[in-house]
Amino acid sequence: GVIQPLPILGIGMTVLGSVLILLLCTVSHKRNVDPLFYVFAEFSFTCMVGLTNALEQDGLISGFMGFYLKMGEPHLSSAYAVMMSYWEGIVHFILFLIIIHRIKSYRRLGLLWAGSSIAHQIVLIPGVVIGKYGSNIHLAFWRNVPFFLVPFWAASLLFSRPREMPIVTADKIAEEQKKGLLSRPVDLLLSLLLLGAMAFSVFRGLVVLDCPLDTCFTYVYQYEPYLKDPVGFPRVMMLVYLFYALPLQTVLIYGLRTPGCSWMLDWSIFFAGAMAQMQWCHIGASFHSRTPFTYRVPADKRWPVIALNVLLAAAPALLVLRCHTRPAYFMKPIPKGQTNNDKKKN
């Protein structure tokens, strides 16, 4: 027979876990224990709940989430939430396992998770409120509030911690930083990719704001009708791109043009995590069977749409690779005489 557990027990455990995190973080300051360890442990539990939901909505298991979806968070049955749950249950869970294993040195992975988790909640919560599920919000929905706030707190802790990076000789740094953008073809290409992503973000932002231009009308009906899905998530995501991702991309382009911007090493990771999470959910939901057929990407436009959306996620990932494989351009000048084998905290 079908197993019929009590999903409400899972919610109680989630709330209890959040309270325990606060208590344990308070105790950890006295015992010199990293408070984020408890955060990752608690979020690991929610990852398994999310993966259970995704598997059930796709018909791979049954009997675990039905009651909770009906009485708690009906939006979790949407295509966007299913893709979000897969990301949380697989990508985030793997990240947590690696982070907990490397609890003494996980700053970069932590920033990647923080960007992804903030992007997750900043689309989910407003999307539920303004979309078709806004008229059916239950008390259990507000459990998302601590999961929205904790990643911001975690990100602030991670950004404030010292950054470890290899020291490059002063001559090498000076040599790299003398090069103009045209002399650095990889940086030039990345700048052009980010500019293209910015233009695409502005265009899709206009589309969801019901711009009357024929180009916007053609795009939304012939390429990405999912942008008009009444669930609200695609509309919120495009506005997040327009008002949050766009300024950050501008700052990252500035960092590619200006030597000595060591903050690029952190913000590129944070931004890549956010973009990867949002694009996974957006692409997947655009094709998922739980999206009404009229809002799915037309079969004859599938590959152009996939290519454009994959590029949006790939550009930040390539930027991270560039920043961390050859960081000399982004490092602050250091006294001569230091060697590549030393370490420095910025």
Side-chain angles (χ1 to χ4, degrees), residues 5-26 35-36 38-57 64-89 92-93 96 113-157 229-240 243-244 273-274 277-278 281-282 285 290:
L6 295 176
I8 196 67
L9 180 62
I11 304 308
M13 291 176 65
T14 302
V15 174
L16 178 61
S18 301
V19 175
L20 287 174
I21 282 178
L22 295 176
L23 295 175
L24 291 170
C25 288
T26 302
L36 292 184
Y38 304 111
V39 173
F40 298 140
E42 165 64 10
F43 274 65
S44 297
F45 166 75
T46 63
C47 287
M48 292 298 95
V49 175
L51 184 58
T52 300
N53 174 65
L55 294 174
E56 181 162 328
Q57 299 311 306
F64 286 89
M65 299 294 295
F67 174 78
Y68 180 66
L69 292 184
K70 181 179 179 181
M71 304 303 296
E73 296 187 80
H75 64 272
L76 291 178
S77 63
S78 66
Y80 175 86
V82 170
M83 300 308 300
M84 176 192 73
S85 296
Y86 275 123
W87 182 269
E88 187 177 17
H92 281 186
F93 187 69
F96 290 144
W113 165 78
S116 175
S117 190
I118 289 172
H120 163 188
Q121 294 292 347
I122 208 172
V123 173
L124 176 70
I125 295 177
V128 172
V129 174
I130 72 168
K132 72 176 186 179
Y133 296 102
S135 60
N136 194 25
I137 293 179
H138 301 288
L139 182 62
F141 168 72
W142 300 109
R143 75 172 183 88
N144 289 290
V145 173
F147 291 103
F148 173 72
L149 298 176
V150 169
F152 282 97
W153 169 70
S156 68
L157 284 182
D229 192 328
V231 292
F233 302 121
R235 178 184 293 266
V236 171
M237 185 181 294
M238 295 309 112
L239 294 179
V240 168
F243 294 111
Y244 294 95
Q277 194 277 340
M278 289 192 289
C281 294
H282 181 73
R290 285 192 166 271

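Side-chain contact check for F233 versus C281: every heavy-atom pair is 4.5 Å or farther apart. Residues F93 and L51 have side chains not in contact (no heavy-atom distance under 4.5 Å, counting atoms from C-beta outward). Within the 4.5 Å cutoff, side-chain heavy atoms of L36 are placed close to those of W153. For the pair F147/R143, a side-chain contact is recorded, criterion being any heavy-atom separation below 4.5 Å from C-beta on.
The line from OH of Y68 to NE2 of H138 is 10.0 Å long, rounded to the nearest 0.5 Å. One distance of note links CE of M71 with CG of L139; it measures 11.5 Å at 0.5 Å rounding. If you take CD on E73 and OG on S78, they are separated by 10.5 Å, rounding to the nearest 0.5 Å. Taken to the nearest 0.5 Å, the CE atom of M278 stands 15.0 Å off from the CE atom of M83. Separating the NE2 atom in H75 from the NZ atom in K132 is a distance of 12.5 Å, to the nearest 0.5 Å. With values rounded to the nearest 0.5 angstrom, I122 atom CD1 is found 5.0 Å from Y244 atom OH.
Looking at every heavy atom in both residues, H120 comes nearest to Y80 through O-OH, 4.2 Å. When all heavy atoms of W142 and I137 are compared, the closest pair comes out as NE1-CG2, 4.1 Å. Taking all atoms of both residues into account, the shortest heavy-atom contact from M48 to G89 is CE-O, 3.6 Å. Here the closest heavy-atom approach between residue L76 and residue L69 is recorded as CB-CD2, 3.3 Å. Across all their heavy atoms, I118 and A155 have their closest contact at CD1-CB, 4.3 Å. The two residues N53 and M65 make their nearest non-hydrogen contact at CA-CG, 3.8 Å.
Relative orientation of the F40 and W113 rings is perpendicular, given thresholds of 30° and 60° on the angle between their planes.
The closest donor-acceptor contact from the side chain of N144 to the backbone of F141 lies under 3.5 Å. A side-chain donor-acceptor contact under 3.5 Å links R290 to the backbone of Q57.
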Please assess S116 against H92 for the test side-chain hydrogen bond (donor to acceptor under 3.5 Å, both in side chains), listing each intermediate value before the final yes or no. CA-CA 9 Å; S116 175; H92 281 186; 2.7 Å; yes
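Listed by chain and number, the residues in a ring-ring contact (aromatic ring centres under 6.0 Å, His included) with H282 are Y226 (sequence neighbours excluded).
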